[in-house]
Colleague: 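This structure is in structure tokens; I'll ask about it shortly.
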Amino acid sequence: MLKKLFGGLVSVLVPATALAGGDHSGHAIHQHGAVLSAENVEIDQNYDIMAAHVHRNGRIVTFHMTLKGTAGATVPEPAGQLAGAPVEAYVWPTSLKPDAVGFESEDGILALVATSHPDFDDTPLFDEDGDGDVGNDGAKWHSHWVVLTPNEACGAGALSVKDIPDGVSPKMPATWPGLPIYIDSPGYSPVLSGEEITINVSFDDPAIASGMSYDGVTSALRVNQNIHAPLLCVVDVFDVASGDLSLPGKLN
């Protein structure tokens with residue numbers, strides 16, 4: 001299903017080149033089993049994936065991605081309102097079921113994302129910019145768990161963050177921000193360092209992530225102009241580490 005949904009959006013790739021300068025030994029691109037990606041000269045280098053990798057140390061699972069450019073250096077231009085607001089994201093789609101992080105168990109692609117969106121704030125428990133206001137820092141890179149599902153209302157073969165229908169109250173994680181979509185705002189801080197973006201995630205039970213498959217994606221989403229279902233659509237895919245979203249990475 002993932003191949004079919006994203007296949008038509010993946011750009012033509014050219015051979016990758018090595019990153020130059022500095023000590024990159026801890027970067028995703030140098031890890032055993034990383035999903036390596038070819039350079040794509042047609043896209044913003046800050047969203048051009050060189051490698052995606054996930055590894056575990058006890059309860060802590062580290063998701064990281066090496067970019068051709070500088071991680072997090074490109075952010076979306078504000079729309080000035082919620083309707084039509086742009087979102088840009090670094091995404092790790094996984095094979096985990098949504099209930100692994102507290103959503104009601106059902107079909108959908110559970111993905112960890114780092115996002116920036118200057119027109120709204122969806123992390124009401126956290127003050128990412130440290131100015132004493134928890135509601136004004138959506139442009140700062142922050143993390144979410146989301147559940148992605150096919151949604152033809154977003155376009156042929158497109159995905160959206162799964163909507164919560166009116167009158168329905170599915171189980172949500174404790175840090176759900178209250179939006180009518182399957183999204184969690186767990187507060188894991190993305191670490192942006194040169195070409196690398198890293199998010200450390202904790203699981204109560206380390207076994208939950210055992211055998212997990214993963215991939216890496218950079219993409220753009222957009223809030224519906226009607227601010228209604230579908231609320232948040234995937235409108236562009238910049239790059240896919242595997243090239244076909246086959247989730248070839250395996251958590252060791």
Side-chain angles (χ1 to χ4, degrees), residues 2-3 6 9-57 60-76 87-96 109-116 140-146 148 186 188-202 209 212-221 234 236-252:
L2 296 177
K3 291 183 183 181
F6 277 97
L9 294 173
V10 179
S11 301
V12 176
L13 304 177
V14 298
T17 58
L19 296 172
D23 178 10
H24 303 128
S25 60
H27 286 192
I29 198 168
H30 295 302
Q31 303 310 304
H32 177 71
V35 182
L36 301 179
S37 180
E39 181 183 349
N40 183 349
V41 298
E42 301 298 325
I43 65 173
D44 184 339
Q45 290 190 339
N46 300 331
Y47 290 117
D48 186 6
I49 302 170
M50 296 289 96
H53 187 253
V54 181
H55 61 271
R56 178 174 56 187
N57 182 6
I60 306 301
V61 177
T62 298
F63 293 74
H64 57 145
M65 193 181 294
T66 306
L67 289 308
K68 176 62 178 178
T70 301
T74 300
V75 296
V87 178
E88 293 184 2
Y90 298 97
V91 186
W92 293 264
T94 77
S95 61
L96 296 177
I109 304 163
L110 181 67
L112 180 69
V113 302
T115 67
S116 171
K140 297 292 184 181
W141 289 97
H142 56 278
S143 65
H144 294 292
W145 286 109
V146 298
L148 301 170
Y188 304 128
S189 297
V191 177
L192 305 163
S193 179
E195 304 93 347
E196 199 81 354
I197 179 169
T198 304
I199 304 178
N200 291 312
V201 172
S202 62
M212 183 190 81
S213 299
Y214 65 87
D215 212 325
V217 175
T218 51
S219 66
L221 301 91
V234 177
D236 197 5
V237 175
F238 305 135
D239 201 6
V240 178
S242 66
D244 59 8
L245 213 69
S246 53
L247 307 187
K250 303 295 181 184
L251 179 64
N252 296 321

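This is a predicted model, so every value here is computed, not measured. Along the sequence shown, residues carry numbers from 1.
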Colleague: Specify the closest pair of heavy atoms between Ala209 and Arg56, including all atoms of both residues, with the distance to one decimal.
Modeller: C-NH1, 4.0 Å
Colleague: When you measure from the side chain of Thr66 to the backbone N and O of Ile29, does any donor-acceptor pair fall under 3.5 Å?
Modeller: yes
Colleague: Minimum heavy-atom separation for Val234 and Val237, please, with both atom names.
Modeller: CG1-CG2, 4.2 Å
Colleague: What's the verdict on side chain to side chain contact (heavy atoms under 4.5 Å, CB included) for Thr62 and Asn57, showing C-alpha distance, side-chain angles and the deciding distance?
Modeller: CA-CA 8 Å; Thr62 298; Asn57 182 6; over 6 Å; no
Colleague: Once you round to the nearest 0.5 Å, how far does OH of Tyr90 lie from CG of Asn46?
Modeller: 5.5 Å
Colleague: Among residues at least two apart in sequence or on other chains, which ones pass ring pair (Phe, Tyr, Trp, His ring centres under 6.0 Å) with His144?
Modeller: His142
Colleague: Taking all heavy atoms of Gly26 and all of Glu196, pick out the closest pair and write down the distance.
Modeller: O-OE2, 4.3 Å
Colleague: If I take atom CG from residue Asp215 and atom CG from residue Leu247, how far apart are they, to the nearest 0.5 angstrom?
Modeller: 5.5 Å
Colleague: Within a strict 4.5 Å, meaning less than it, do heavy atoms of the Thr74 and Tyr47 side chains meet?
Modeller: yes
Colleague: Could you tell me the separation between the CG atom of Asp239 and the NZ atom of Lys68, rounded to the nearest 0.5 Å?
Modeller: 12.5 Å
Colleague: So which heavy atom on Ala52 is nearest to which on Gly216, and how close?
Modeller: CB-CA, 3.9 Å
Colleague: How long is the span from the CE atom in Met50 to the CG atom in Asn40, to the nearest 0.5 Å?
Modeller: 8.5 Å
Colleague: For the ring pair His64 and His55, is the centre-to-centre distance below 6.0 Å?
Modeller: yes
Colleague: As a quick check of understanding, evaluate side chain to side chain contact (heavy atoms under 4.5 Å, CB included) for Val201 and Phe63, giving each step before the final call.
Modeller: CA-CA 8 Å; Val201 172; Phe63 293 74; 3.9 Å; yes
Colleague: Mind checking the CG-CH2 spacing from Leu112 to Trp92? Nearest 0.5 Å is all I need.
Modeller: 6.0 Å
Colleague: So, does Ser116 use its side chain to make a donor-acceptor pair with the main chain of Val75 at under 3.5 Å?
Modeller: no
Colleague: Please list, chain by chain and in numerical order, all residues satisfying side chain to side chain donor-acceptor pair (under 3.5 Å) with Ser213, sequence neighbours excluded.
Modeller: Lys250
Colleague: Which heavy-atom pair separates Leu148 from Ala111 by the least distance, and what is that distance?
Modeller: CD1-CB, 4.3 Å
Colleague: Atom OG1 of Thr218 and atom CD1 of Ile49: how far apart are they, to the nearest 0.5 Å?
Modeller: 4.5 Å
Colleague: Identify the two heavy atoms, one from Pro190 and one from Trp141, that lie closest to each other, and give their separation to 0.1 Å.
Modeller: CD-O, 3.8 Å
